[in-house]
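Throughout, numbering of the chain's residues begins at 1 and tracks the sequence. Order of appearance sets the numbers: ligands from 1, and atoms from 1 within every ligand.
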Amino acid sequence: MAMSAQTTSRGSYPRFHRWWRNAVFYQIYPRSFRDSNGDGVGDLDGITMMLDYLNDGTSNSLGINAIWLCPIYPSPHKDWGYDVSNYCAIDPDLGDLESFDRLISQAHQRGIRVILDFVPNHTSDQHPWFLRSRSSKEDPQRNWYIWAPGKGGEPPTNWMSAFGGPAWTYDSQTGEWYMHSYLAEQPDLNYRCAEVVGAIHDVLRFWLERGVDGFRIDAVARLSKDAELRDNPTQSALAGITRAEGSGVRVNFYCHDRPEVHDLLRGFRRVVDSYGERLLVGEVWPREPSLLADYLRPDELHLAFNFRLLKSPYSASAFGAAIRYGEGLGAAGEWPTWTLSNHDFPRHISRYQSAEATEERARMAAMMLLTLHGTPFIYYGEEIGMREVDVSPSRRLDPMGRDGCRTPMQWSAAMHGGFTVPGAEPWLPCGDYTQINVSEQARDQRSLLSLYRRLIWLRQRDPALREGAYRAFDGVPRDCLGFYREGAGRRLLVMLNFANAARETESPAGTLLLSTKPERVQQTLEARLTLDANEGVVLDLGNA
Ligand code: GLC
């Protein structure tokens, strides 16, 4: 990988060519990471305080080198920050622009890149743009959002909100309906209006000027809608248009994956590229899996999440299919990404729960995530095995029931897991921090945290793991996965046994670099290897 000697105005911060290929991302839910001011809500200064935990330059830290921050903008929090009421400011709960600048500069000093969540599909209904748009049909900003008359008292189209119910809300003041892909409090912007495109480009520039390294773009596939506002067809009706199987299920054909979305992305890309090496990674849920590649054309997104892995149950065949899909995208020149958990889904350790092997499964998943070819994204707390928290009805905040994966980071066994001061009430309840916390796992060489650290540092130091090609290895039984990582003159072999019983594999002679089982003593391996139940290994096969 070419590393240019170029430095930024911030000093000795090196610029990498396509730095994201060498990145291990860490997703932070800012309200839940660390509270610096004792109000029970995590904040930007709290994140800055904990940067050494993420990477202090030594293998005593986690070793990640990029952060994705979930939305940090002012918001009425109907959808916890994904309903933005001002794109160019910081939510006062989280800090201000000074604390933001501190975070960026402190992260960069440690070689950690920072990308922001960018939510262009919709704003809050409290955003001044929407307040104006809603105020009258004659307002110059009326067409910044998608307004239409109803059809005989019914919504203009049969489009559905991703959160359930019609994607339209009637506004009695002007007698028209406005469109929203999510909550009624999240009206969709109208990208057929050139002023909206210009205003959103200015938002990108605002943050790029402040030094952010890129953006995770929210809800990409929904950005553009049919100009004629046609009703979505059923699968059977669509079968005439595409070769899809017929059925009565309605397909998001006219409000999803519209061709114009690609022009919009090209516009975003031009803005971002004018600032040098900045990243666009998209949250894309395409209507059909094969459409994902379109978003990764050379002048559109650099990366897109591959949710197949996150959606897979704990099994070699499901993981194998997700990996083949990701690698298949890679075959066309795109760079894969891998993620097991995020702020929208139950934590994977809880999804993989099994009577006797929950922790072992999390260790296996970590080895898979961090040895695959492509950029891994870790969700805060997964490195210590934080569980999904069963939030009691009186404490629930998210309208879609996602609170359980957004609870405070468990730093120690102290009150509130050390997330906030003892006298404060954390904004969401904490999980079992007496059993699962950073400070105990940091001291324990056998802990999940220690395994994450070893895996990440192994990846950071080994060019074959970072950038080497992926090639499936067939010498493993069906309930196992095996793959080579080959590059920079080196060859590694990863073998993962997802079965609850030992499995024998073929094994080229090699040296053990790491096992998910701290008790494995065998270091040099010959023609056969017995993997323990739920054991994964990384072998060094020497020079290629
Ligand atoms: C994305 C976000 C999710 C949010 C939705 C609407 O899917 O990940 O948290 O609710 O978009 O912005």
Proximal atoms of ligand 1 relative to [X] (non-hydrogen, under 4.0 Å):
X: Tyr182; answer: 5 (C), 6 (C)
X: His122; answer: 6 (C), 12 (O)
X: Asp79; answer: 4 (C), 5 (C), 6 (C), 10 (O), 12 (O)
X: Arg402; answer: 3 (C), 4 (C), 9 (O), 10 (O)
X: Phe163; answer: 10 (O)

Test item, Arg216 contacting ligand 1 (heavy atom, 4.0 angstrom): yes
Exercise: do His180 and Thr169 side chains pair donor with acceptor under 3.5 Å: yes
Glu176 versus Tyr170, side-chain donor and acceptor atoms under 3.5 Å: no
Side chain Asp231, main chain Asn158, donor-acceptor under 3.5 Å: yes
What protein heavy atom is closest to [atom], reported as residue, atom name and distance in Å?
atom: atom 8 (O) of ligand 1; value: Asp344 OD2, 2.5 Å
atom: atom 2 (C) of ligand 1; value: Asp218 OD1, 3.1 Å
atom: atom 7 (O) of ligand 1; value: Glu283 OE2, 2.7 Å

Among Tyr178, Trp147, Tyr145, side-chain hydrogen bond (donor to acceptor under 3.5 Å, both in side chains) partner for Ser133: Trp147
Steps toward salt bridge (charged side-chain N to carboxylate O under 4.0 Å, His left out) verdict (Arg387, Asp432): CA-CA 8 Å; Arg387 307 302 203 262; Asp432 188 358; over 6 Å; no
Evaluation steps, salt bridge (charged side-chain N to carboxylate O under 4.0 Å, His left out), between Arg402 and Asp344: CA-CA 6 Å; Arg402 295 165 294 186; Asp344 288 331; 3.0 Å; yes
With Arg278, the side chain to side chain contact (heavy atoms under 4.5 Å, CB included) member among Val271, Val272, Leu204, Ile115: Val272
